[in-house]
Enquirer: 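The structure follows.
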Amino acid sequence: MYPDRVVSGMRPTGSMHLGHYHGALKNWIKMQSELPCLFFVADWHALTTHYDDPSVIERSTWDMLIDWLAAGIDPSQATLFIQSRVPEHAELHLLLSMATPLGWLERVPTYKDQIENLSNKDLATYGFLGYPLLQAADVLIYRASQVPVGDDQVPHIEMMREIARRFNHMYGKEKGFEEKAQEAVKKLGSKRAKLYNELRTEYQQDGKEEALEQAKAMLDDAQSLSMGDRERLFGYLEGSRKLILVEPQARLTAASRLPGLDGRKMSKSYGNSIALREDKASVEKKIRTMPTDPARVRRTDVGDPARCPVWQFHQVYSDAPTQEWVVKGCKSAGIGCIECKQPVIDAIVKEQEPMHERAQQYLDDPSLVRAIVADGNDAARKLALETMRDVREAMGLAYT
Ligand code: SF4
């Protein structure tokens with residue numbers, strides 16, 4: 001089997017805010033120490049909605065990379081790169097498009113939603129329809145096993161899986177596959193080869209899933225096999241196809257959602273966001289002036305945290321005793337709203353302090369970020385080329 005790997009990207013369409021941090025970046029930071037991770041700036045994806053004004057993309061790309069590093073993404077653990085610097089993404093997108101039914105793209109739920117939500121833009125374009133397919137190429141090209149997503153993105157991962165399955169079925173037919181697979185079985189050594197054949201029979205004749213799992217574990221341990229033989233043997237276990245693309249799993253993120261200052265989704269375009277590296281005075285001002293429960297007109301009026309966006313901030317930032325203090329104080333008019341907001345201000349400022357410090361070195365010397373990304377681009381491209389070699393060969397485009 002191919003090694004476990006995580007792939008995820010973000011579109012550079014504006015500066016990053018605390019909603020992005022709590023919704024996605026914190027999760028990336030956690031994952032980078034658990035599995036090999038590739039995090040990319042999805043600049044081509046940004047063009048699908050910003051094709052008429054791409055000026056924001058280049059600036060946001062570098063700002064976003066500094067935000068990632070400031071938040072705690074560690075380039076010694078994760079690979080950071082820019083999508084368009086690995087042109088094989090486009091090649092795989094094109095090749096996958098040849099065999100992807102139009103209906104698969106049209107039925108992706110976010111397609112219609114986005115067209116309705118962004119009604120000020122003309123999104124009746126070829127690029128926008130193909131957006132989920134480009135996403136599939138972004139993931140499949142690294143044979144990623146896991147993709148961190150929110151609930152709304154699960155249908156995209158399902159489609160990626162269907163695309164990988166269809167590709168393997170169509171193009172995994174290798175000339176002389178059976179013979180090559182049997183040769184590879186022999187390379188396991190006589191004891192393991194015997195076990196492999198027994199487990200394969202148990203799975204194929206009796207449908208025993210445990211036999212399949214045991215055989216896969218054995219192949220994982222068989223260090224002497226080449227990558228090609230290993231994939232043949234994985235494919236041979238289940239049928240007669242080579243596995244060229246890997247079906248990724250959705251890794252659902254239990255991210256805490258930080259709403260905007262007005263309680264709606266945090267978004268720069270709604271004017272309700274706090275930037276990831278917002279300065280302290282501005283954070284204080286924004287929180288002090290953010291709306292509260294409309295029923296609390298005077299200090300003596302009782303309120304209800306359930307109707308107040310500040311409470312949602314407390315749910316992300318405050319410990320249980322503070323939350324209890326808020327609920328009691330609000331419902332009894334024992335505390336004022338400015339008093340209630342102070343722990344939130346303190347927590348945000350504390351959270352941002354190390355981010356400002358980490359960002360400073362990259363702001364002082366932008367060549368550091370350029371160097372990190374250049375290394376990441378090279379590393380990502382190397383992995384992408386490994387997959388593309390197999391894809392080109394399978395589709396008859398190797399010309400050797
Ligand atoms: S006391 Fe706190 S929770 Fe209650 S309305 Fe004021 S800011 Fe909101």
Side-chain angles (χ1 to χ4, degrees), residues 10 13-30 63-64 67 70-72 113 117 148-152 252-359:
M10 286 190 201
T13 52
S15 58
M16 300 213 71
H17 52 60
L18 291 181
H20 296 124
Y21 176 66
H22 287 276
L25 269 180
K26 262 169 94 169
N27 192 40
W28 282 14
I29 293 162
K30 185 167 163 276
D63 282 351
M64 191 162 88
D67 282 336
D113 291 354
N117 289 342
V149 286
D151 297 344
D152 59 330
L252 281 171
T253 53
S256 52
R257 285 191 200 284
L258 185 71
L261 294 161
D262 55 4
R264 291 186 295 166
K265 186 177 180 224
M266 190 179 278
S267 163
K268 202 178 168 204
S269 56
Y270 292 158
N272 65 0
S273 63
I274 299 177
L276 197 88
R277 292 179 274 131
E278 186 114 16
D279 69 75
K280 190 177 165 192
S282 174
V283 170
E284 285 172 351
K285 188 168 168 221
K286 283 187 173 177
I287 302 288
R288 288 218 174 97
T289 54
M290 76 185 274
T292 59
D293 176 359
R296 280 204 88 179
V297 180
R298 288 176 296 271
R299 166 71 177 78
T300 48
D301 293 334
V302 294
D304 180 359
R307 290 195 300 258
C308 176
V310 180
W311 171 240
Q312 296 185 56
F313 275 59
H314 274 295
Q315 287 178 306
V316 171
Y317 283 106
S318 301
D319 57 16
T322 309
Q323 290 188 8
E324 207 177 311
W325 169 79
V326 172
V327 174
K328 267 194 196 153
C330 181
K331 290 187 169 178
S332 64
I335 57 170
C337 291
I338 291 290
E339 199 181 349
C340 177
K341 289 171 173 178
Q342 193 56 46
V344 171
I345 295 173
D346 295 342
I348 294 178
V349 169
K350 192 168 168 219
E351 178 176 74
Q352 288 179 321
E353 260 167 28
M355 297 188 193
H356 284 297
E357 276 170 30
R358 279 193 289 262

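Remember, it's 1-based here, ligands and their atoms both numbered in the order they're listed. Please read all numbers here as calculations on a predicted model, not as lab measurements.
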Enquirer: Using modelled atom types and a 3.5 Å cut-off, is there a donor and acceptor pairing between side-chain atoms of H20 and backbone atoms of L276?
Expert: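 It does not hold such a pair.
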Enquirer: Just checking, any donor-acceptor pair under 3.5 angstrom between side chains of E351 and Y21?
Expert: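 Short answer, no.
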Enquirer: With a 3.5 Å distance limit and no angle check, can you tell me whether D301 reaches the backbone of A333 through a side-chain donor-acceptor pair?
Expert: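 Side chain of D301 to backbone of A333: no pair is present.
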Enquirer: Give a yes or no on whether the backbone of M266 and the side-chain of H17 come within a donor-acceptor separation of less than 3.5 Å.
Expert: yes
Enquirer: Among I338, L261, D346, which one satisfies side chain to side chain contact (heavy atoms under 4.5 Å, CB included) with I287?
Expert: L261
Enquirer: For atom 2 (Fe) of ligand 1, state how many protein N, O or S atoms fall inside a distance shorter than 2.8 Å.
Expert: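 That number is 1, waters not included.
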Enquirer: Is the backbone N or O of H356 less than 3.5 Å from a side-chain atom of R277, with the two atoms forming a donor-acceptor pair by type?
Expert: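 No, because the side chain of R277 does not come within donor-acceptor range (under 3.5 Å) of the backbone of H356.
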